[in-house]
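No hydrogens, no waters, no symmetry mates; every other heavy atom, side chains included, goes into these values. Throughout, a chain's letter reflects where its sequence line sits, starting with A, and its residues are numbered from 1.
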Amino acid sequence: MTNDDTPQHRYSATLARDLESRWQDRWETERTFWTPNPRGALLGDVNAERAGLPKLFVLDMFPYPSGAGLHVGHPLGFIGTDVYARFQRMNGRNVLHAMGFDAFGLPAEQYAVQTGQHPRVTTEQNITTYKAQLRALGLGHDPRRGVSTTDVAYYRWTQWIFLQIFNAWYDRSNDRARHVDELVAELDVGTRLPDDDGVPWAERDAMARRSYIDSKRLAYVGEAPVNWCPGLGTVLANEEVTADGRSERGNFAVYKRPLKQWMLRITEYADRLLADLDDLDWTDSIKLMQRNWIGRSEGAEVDFEVVGHDAAIAVFTTRPDTLFGATYMVLAPEHPLVDAIVPNDWPDGSDLVDVDTGRLGNWRGVFGAARTPPEAVRAYRAFAAAKSEVERAAEGREKTGVFTGAFAVNPTNGRQIPVFIADYVLMGYGTGAIMAVPGQDDRDWEFAEAFDLPIVRTVQAPDGWDGTAFTGDGPAINSANDEIDLNGLGVADAKRTIIGWLEARGVGTGTITYKLRDWLFSRQRYWGEPFPIVYDEHGPLALPDALLPVELPEMTDFEPATSDDPDALPAPPLARAEQWATVDLDLGDGLRTYRREVNTMPQWAGSCWYYLRYLDPTNEDAMVDRATEQYWTNDGNDFGTVDLYVGGVEHAVLHLLYARFWHKVLYDLGHVSAPEPFQRLFNQGYIQAYAYTDERGVYVEASEVAERDGEYFFGDQRVSREYGKIGKSLKNVVTPDEMCAEYGADTFRMYEMFMGPLDASRPWNTRDVVGVHRFLQRLWRNCIDENTGEARVADLAPSAALERLLHKTIDAVRHDYASLGFNTAIARLFELNNALTREVEATGSAPRSVAEASVLMLAPLAPHVAEELWHRLGHDASLAYEPFPVADPALLVADTVEIPVQVNGKVRAKLAVAPDADAAALEAAALADARIAEHLAGKQIVKTVVVPGRMVNFVVR
RNA sequence: GCCCGAGUGGUGGAACGGUAUACACGGCGGACUCAAAAUCCGCUGCUCGCAAGGGCGUGUGGGUUCGAAUCCCACCUCGGGUACCA
């Protein structure tokens with residue numbers, strides 16, 4: 001690249017690397033980015049006075065340190081937050097910016113299973129690599145605050161938070177979580193009554209009381225249908241299962257199984273999680289994704305009596321207005337009422353039955369060889385349970401089910417309607433049972449067609465309706481009995497009316513249901529946080545704070561028992577650590593032997609609260625000091641603690657919903673002072689890259705492909721170009737390390753910011769990087785003599801035009817930095833520098849005022865070279881806290897502006913006029929223009945539009 | 001299927017309803033050089049024209065407006081989310 005002719009002090013990659021490592025060392029030695037807390041261990045003696053400034057908490061979604069290290073796509077958001085943070089430091093904010101690691105998780109464990117290397121060793125090596133890579137980018141993080149979720153000193157507090165959740169219950173009357181001791185106290189004095197089976201509190205024994213309290217906790221052991229993944233040997237949260245019913249990690253089949261697992265009662269927060277979205281500065285699309293996930297729907301619960309039984313089937317429906325059209329019912333196959341209502345024999349005299357068609361799951365008896373209802377139910381349940389989620393998806397929406405032999409009564413008209421079980425009804429949603437209204441529901445229509453069930457329309461479909469279910473609005477029909485008449489009412493009115501009738505009759509109520517389920521919180525893994533829980537013969541008990549942390553035992557075999565058998569039972573690795581799992585403790589009634597919880601927490605646990613630990617990472621007495629938390633949360637009217645949170649959209653529901661939930665629990669219990677964790681959320685785009693395949697479709701090393709005449713060649717071989725995720729499999733990995741070596745970190749940082757808006761995804765193109773490098777080289781040359789390395793600025797006034805441009809640039813760059821519009825800020829700096837270059841060429845030196853302002857404006861983007869230039873321009877201190885330039889408003893007004901003159905909307909001339917020229921003056925000037933006169937000749941002016949300072953338009957005929 | 005979001009030069013991308021294509025890459029031409037690289041300067045949406053100048057242009061088709069990349073309607077393509085949620 002460079003040879004002997006190149007001036008010694010030209011800004012080259014070598015020079016860049018040299019000054020970058022010097023400045024990184026200096027920032028470290030001088031503790032430049034140590035951010036003071038208002039009190040406590042992190043107040044310190046460096047920058048302490050800054051604790052009096054207004055705070056700004058900037059946060060990145062912390063990374064999982066994978067063995068592959070960073071590629072160029074990873075740091076996009078990190079650089080964006082760093083630019084923003086540096087800019088705000090120069091604006092007099094006390095900025096907290098740190099980087100930790102979300103280091104529990106499957107890859108380290110799977111690597112451990114393969115190699116026997118302890119996951120902690122792998123994890124620590126990976127973190128070391130990441131830290132070195134991140135340091136080389138010059139990110140201004142406070143190194144003291146970068147916690148890892150795997151640090152014992154960190155997960156001690158993750159366990160502590162779990163205990164807060166375990167020891168809390170949700171007080172619906174006050175709509176907040178409270179400590180269970182308060183529940184016990186209220187029950188003891190009788191201001192609150194148990195809401196389960198009516199046995200008075202005073203008459204319950206200790207075990208009954210304990211089990212009642214356990215049933216109220218926000219963390220509880222529940223038996224629920226869970227996503228069991230035998231291929232991974234663990235259960236998964238709904239959020240970890242893909243749409244086609246496989247595990248997000250590893251792509252194994254997932255089955256629904258009822259298992260006892262830890263659950264967190266996030267559903268109690270559904271309404272608040274929904275409502276508080278309104279006050280967050282998040283994009284509408286993320287809010288919408290969260291709203292959809294929470295899935296609030298309003299409707300009614302209606303009881304259908306079962307013929308011949310003293311039982312009723314409760315259904316949830318969002319369309320109570322269609323109740324008259326309910327012609328059958330469907331229960332989920334595993335619905336608890338099924339066994340109770342299934343008769344031993346098929347009902348007599350039915351005109352319903354076509355026993356011999358052999359059609360799968362038809363009216364009765366023909367499911368497999370089933371001859372009786374119990375046989376049919378058993379056979380169908382086996383059929384449904386044997387299907388994995390994938391198979392269900394693959395079969396599409398084909399409706400299957402069996403008649404249970406039972407009938408229920410439609411409360412509106414007394415008609416007896418058959419009761420089915422079918423897997424299109426899910427146990428986990430609503431009541432696990434539906435009333436089927438084929439006339440107004442597509443799924444019910446399909447099922448009714450498959451099973452020849454009657455269809456009654458209760459909403460008038462529009463003329464020309466093609467015959468299937470009509471789900472739109474329209475007047476009710478066929479919907480009247482002796483007491484109530486919905487006919488003619490629209491859907492909304494009909495709903496209101498029927499709910500009133502149901503409530504008056506005591507057979508139903510208006511209700512709200514959520515799609516959101518409680519959070520399945522156990523994993524059968526080794527490399528996660530152990531629960532601070534032990535069991536006696538009656539159930540789980542919390543360990544006291546004094547016994548935290550519960551550390552992971554040393555093991556050599558980390559593998560959970562995996563299996564191809566969907567019916568295999570979970571066997572967590574910690575269960576094999578016998579010594580560890582059995583423990584003698586005195587929990588208040590003498591030394592006894594307990595069994596530890598052998599599941600671990602999911603990876604989301606540690607990432608639910610790391611931003612709080614950044615605030616006070618070394619505190620051994622509390623998760624975070626209260627006053628410190630308040631300082632970093634409140635700058636007047638904060639609703640969320642973090643001011644700016646930047647990360648990928650892939651965490652739109654999982655992480656962000658879980659973290660909001662934990663934060664709200666902590667808020668209710670008085671541990672944090674804002675109701676939400678993240679005030680402003682910004683989703684950065686992805687960087688992808690081109691990949692190339694040869695004739696066989698095999699990927700070839702992208703860095704060795706050359707473009708010639710619009711075609712791509714790998715050696716002599718023609719290859720075709722694709723576009724996709726950066727990764728080993730596409731052979732298109734480019735690392736920040738390579739870019740730093742070839743151009744320097746400043747060039748790399750600026751290129752990432754220049755490629756496009758931060759929230760847009762874009763292709764990496766190494767070829768384009770050189771443009772930013774040239775800019776830095778030109779700016780350097782404008783300030784520094786390339787032969788001597790001395791500053792070449794002069795204390796001259798810049799030309800009026802340059803000065804005006806400088807202030808216009810300051811104004812634009814400030815605005816762009818504040819709104820994360822880094823690509824356009826860079827374009828402005830390029831323009832300023834191009835103008836400065838011309839002035840330097842004309843006069844031989846750069847005016848100091850322009851050079852210094854340029855350097856300060858560059859600093860957030862390219863901090864190393866900016867520091868070096870600042871230093872060479874004669875400043876001893878780092879510019880990290882130097883005030884950012886401020887534009888002089890007087891210089892923002894141009895002396896002339898160019899105004900387009902249009903004839904019939906087409907630009908025909910441009911006028912140079914004073915910016916404050918009024919409409920009359922503009923019109924006169926436009927009419928005086930020769931070219932305009934030409935276009936107006938022989939035409940009649942119908943209308944003249946003049947917008948002062950903007951444009952003139954003549955409409956002619 | 002449903003719900004979002006996006007389609008602008010050869011490429012990445014600019015553009016409060018008011019001069020479309022800022023800035024950069026690439027390309028072309030030139031300076032420097034024995035030469036090349038690096039560096040510097042100029043040109044670069046398509047099209048007709050010697051030129052002056054004109055026509056056409058922001059996925060497609062309509063609409064609103066004096067004026068639309070921008071607002072509205074329909075459609076096409078791509079990306080994301082979600083999926084029997086009653």
Side-chain angles (χ1 to χ4, degrees), chain A residues 1-3 5-7 10 12 243-244 283-289 291-293 295 297 299 315-319 322 330 392-393 396-399 422-426 428-437 440-444 446-447 513-517 649-650 652-653 683 686 707 710 751 754-757 759-772 774-775 777-778 781 786 821 823-831 834 837-838 841 898-911 931 934 942-947 949-956:
Chain A
M1 281 291 207
T2 54
N3 65 18
D5 298 342
T6 309
R10 170 164 292 174
S12 63
D244 58 352
T283 60
D284 288 340
S285 69
I286 297 285
K287 288 186 183 183
L288 191 73
M289 282 160 75
R291 287 195 183 102
N292 289 342
W293 193 264
S297 40
V315 302
F316 174 74
T317 175
T318 54
R319 293 295 302 276
T322 64
V330 186
R392 280 196 187 201
R397 292 159 178 261
E398 196 194 326
K399 295 290 180 291
D423 64 1
Y424 85 94
V425 174
L426 310 174
Y429 183 76
T431 61
I434 61 157
M435 64 178 208
V437 187
Q440 270 73 231
D441 185 282
D442 292 315
R443 297 152 301 181
D444 296 346
E446 283 173 27
F447 191 86
T513 299
Y514 299 90
K515 204 178 101 177
L516 183 71
R517 322 281 170 79
V649 72
E650 71 272 21
V653 276
N683 294 112
Y686 295 103
E707 185 184 352
Y751 174 62
F754 184 57
M755 292 167 78
D759 56 355
S761 293
R762 49 322 242 314
W764 177 265
N765 202 345
T766 301
R767 189 180 72 179
D768 293 350
V769 177
V770 68
V772 226
R774 284 182 196 147
F775 158 76
Q777 207 167 59
R778 278 193 283 259
R781 184 161 45 233
E786 287 188 330
N823 56 327
T824 48
I826 293 170
R828 300 283 161 262
L829 293 174
F830 280 6
E831 284 174 312
N834 290 344
T837 303
R838 282 187 286 275
E841 269 163 26
E898 195 182 55
I899 298 284
V901 182
Q902 302 174 347
V903 177
N904 283 350
K906 287 187 194 297
V907 177
R908 297 300 180 184
K910 291 165 188 178
L911 303 174
R931 301 232 321 111
E934 211 174 292
V942 182
K943 184 172 184 178
T944 305
V945 182
V946 184
V947 183
R950 279 266 167 236
M951 46 73 68
V952 179
N953 187 16
F954 295 107
V955 185
V956 301

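Comparing the C1' positions of B:G17 and B:A69 gives an interatomic distance of 11 Å, to the nearest angstrom. For the P atoms, the distance from B:U47 to B:G30 is 22 Å, rounded to whole Å. When the C1' atom is used for both B:A15 and B:A51, the distance is 32 Å, rounded to whole Å. The gap from the P atom of B:A74 to that of B:G1 amounts to 16 Å, rounded to the nearest Å. Straight-line distance between the C1' atoms of B:C41 and B:C32: roughly 11 Å, to the nearest whole Å. Nucleotides B:A14 and B:G62 are separated by 29 Å at their P atoms, to the nearest Å. B:C25 and B:C76: their C1' atoms are spaced 31 Å apart (whole Å). B:C4 and B:G42 have their C1' atoms separated by 46 Å, with the value rounded to a whole Å.
Between A:Ile899 and A:Met951, the shortest heavy-atom contact is CG2-CA, 3.6 Å. Contact detail for A:Tyr424 and A:Lys399: the closest heavy-atom pair is CD2-CD, 3.7 Å.
Residue-to-nucleotide proximity on RNA chain B shows that, of A:Val952 and A:Asn834, the 5′-proximal contact is made by A:Val952. Heavy-atom distances to RNA chain B give each of A:Ala760 and A:Tyr514 a nearest nucleotide, and the one nearer the 5′ end belongs to A:Ala760.
The side chain of A:Trp293 has B:U82 as its nearest neighbour among B:G26, B:U82, B:U19. Out of B:A86, B:G12, B:A22, the shortest distance to the side chain of A:Glu831 is found at B:A22. Residue A:Arg781 places its side chain closer to B:U39 than to any other of B:U19, B:A86, B:U39. Nearest nucleotide to the side chain of A:Lys399, out of B:C3, B:G12, B:C84: B:C84. Of the candidates B:C84, B:A24, B:G55, the closest approach to any side-chain atom of A:Lys906 belongs to B:G55. Comparing B:A86, B:C84, B:U19 by their nearest atom to the side chain of A:Phe316 picks out B:A86. Among the nucleotides B:A15, B:G12, B:A86, the one closest to any side-chain atom of A:Thr824 is B:A15. For A:Leu288, whose side chain is taken as the heavy atoms from C-beta onward, the closest listed nucleotide among B:C40, B:G12, B:C4 is B:C4.
Glycosidic torsion of B:G49 falls outside 90° of 0, placing the base in anti.
Taking atom CG of residue A:Asn292 and atom C1' of nucleotide B:U82, one finds them 7 Å apart after rounding to whole Å. Following rounding to the nearest Å, A:Leu426 (CG) and B:A86 (P) show an atom-to-atom distance of 10 Å. Separating the CG atom of A:Leu516 from the P atom of B:U82 is a distance of 14 Å, rounded to the nearest angstrom. Following rounding to the nearest Å, A:Asn765 (CG) and B:C23 (P) show an atom-to-atom distance of 20 Å. Whole-Å rounding puts the A:Glu898 CD to B:A22 C1' distance at 14 Å. Rounded to whole Å, the distance from CD1 on A:Ile286 to P on B:G5 is 12 Å. We find that CZ of A:Phe775 is positioned 17 Å from C1' of B:C40, with the value rounded to whole Å. At whole-Å resolution of the value, CZ in A:Arg778 and P in B:U39 are 8 Å apart.
Remark: B:C28 base-pairs with B:G42; criterion is Watson-Crick or G-U wobble with both hydrogen-bond distances under 3.5 Å. Pair check for B:A15 finds none; no Watson-Crick or G-U wobble contact set falls under 3.5 Å. Base pairing annotation: B:A74 forms a Watson-Crick or G-U wobble pair with B:U60, both donor-acceptor distances under 3.5 Å. Remark: B:G79 base-pairs with B:C4. Criterion, Watson-Crick or G-U wobble with two distances under 3.5 Å.
Heavy atoms of A:Asn823 sit under 4.0 angstrom from primed sugar atoms or phosphate atoms, though from no base atom. Residue A:Thr513 is classed as having no contact, given no heavy-atom separation below 4.0 Å to the nucleic acid. Nucleic acid contact class of A:Thr944 (heavy atoms, under 4.0 Å, all strands): none. Using a 4.0 Å heavy-atom distance criterion, A:Phe830 is classed as a sugar-phosphate-only contact. Contacts of A:Arg931 with the nucleic acid, taken as non-hydrogen atoms under 4.0 Å apart, involve only primed sugar atoms and P, OP1 or OP2. Looking at heavy-atom distances under 4.0 Å, A:Arg838 makes no contact with the nucleic acid at all.
Between A:Glu831 and A:Arg828, at least one side-chain nitrogen of the basic residue sits less than 4.0 Å from a carboxylate oxygen of the acidic one, meeting the salt-bridge criterion.
At B:G80, none of the side-chain N or O atoms of A:Asn683 fall inside 4.0 Å of OP1 or OP2 (strictly under the cut-off). Phosphate proximity of B:A38 to A:Arg774: absent, as no side-chain N or O sits under 4.0 Å from OP1 or OP2. A:Arg908 has a side-chain polar atom (N or O) that falls below the 4.0 Å cut-off from OP1 or OP2 of B:G54. At B:A14, none of the side-chain N or O atoms of A:Arg828 fall inside 4.0 Å of OP1 or OP2 (strictly under the cut-off). One finds no side-chain N or O of A:Ser285 lying less than 4.0 angstrom from the OP1 or OP2 phosphate oxygen of B:G81.
Under the 4.5 Å side-chain criterion, counting only non-hydrogen atoms from C-beta, A:Asn683 is not in contact with A:Asp759. With a 4.5 Å cut-off on side-chain heavy atoms, A:Met435 and A:Thr322 count as touching.
Looking only at distances, a side-chain donor or acceptor of A:Asn904 sits under 3.5 Å from a matching main-chain atom of A:Val956. The backbone N or O of A:Arg931 lies less than 3.5 Å from no partner atom in the side chain of A:Arg908, so there is not a single donor-acceptor pair. With hydrogens and angles ignored, the 3.5 Å screen pairs no side-chain donor or acceptor of A:Arg781 with any backbone N or O of A:Thr837.
From A:Glu786, atom CD reaches atom OG of A:Ser12 across 9.5 Å, with rounding to the nearest 0.5 Å.
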With 3.5 Å as the limit, what N/O pairs link the protein to nucleotides 65-67 of chain B?
unit_1 : atom_1 : unit_2   : atom_2 : d
B:C66  : OP1    : A:Lys943 : NZ     : 3.4
B:C66  : O2'    : A:Asn953 : ND2    : 3.2
B:C66  : O2     : A:Asn953 : ND2    : 2.7

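Using cut-offs of 30° and 60° for the angle between ring planes, the A:Phe754 and A:Phe830 rings count as tilted.
Looking at A:Tyr751 and A:Asn765, their side chains never bring a donor and an acceptor atom within 3.5 Å of each other.
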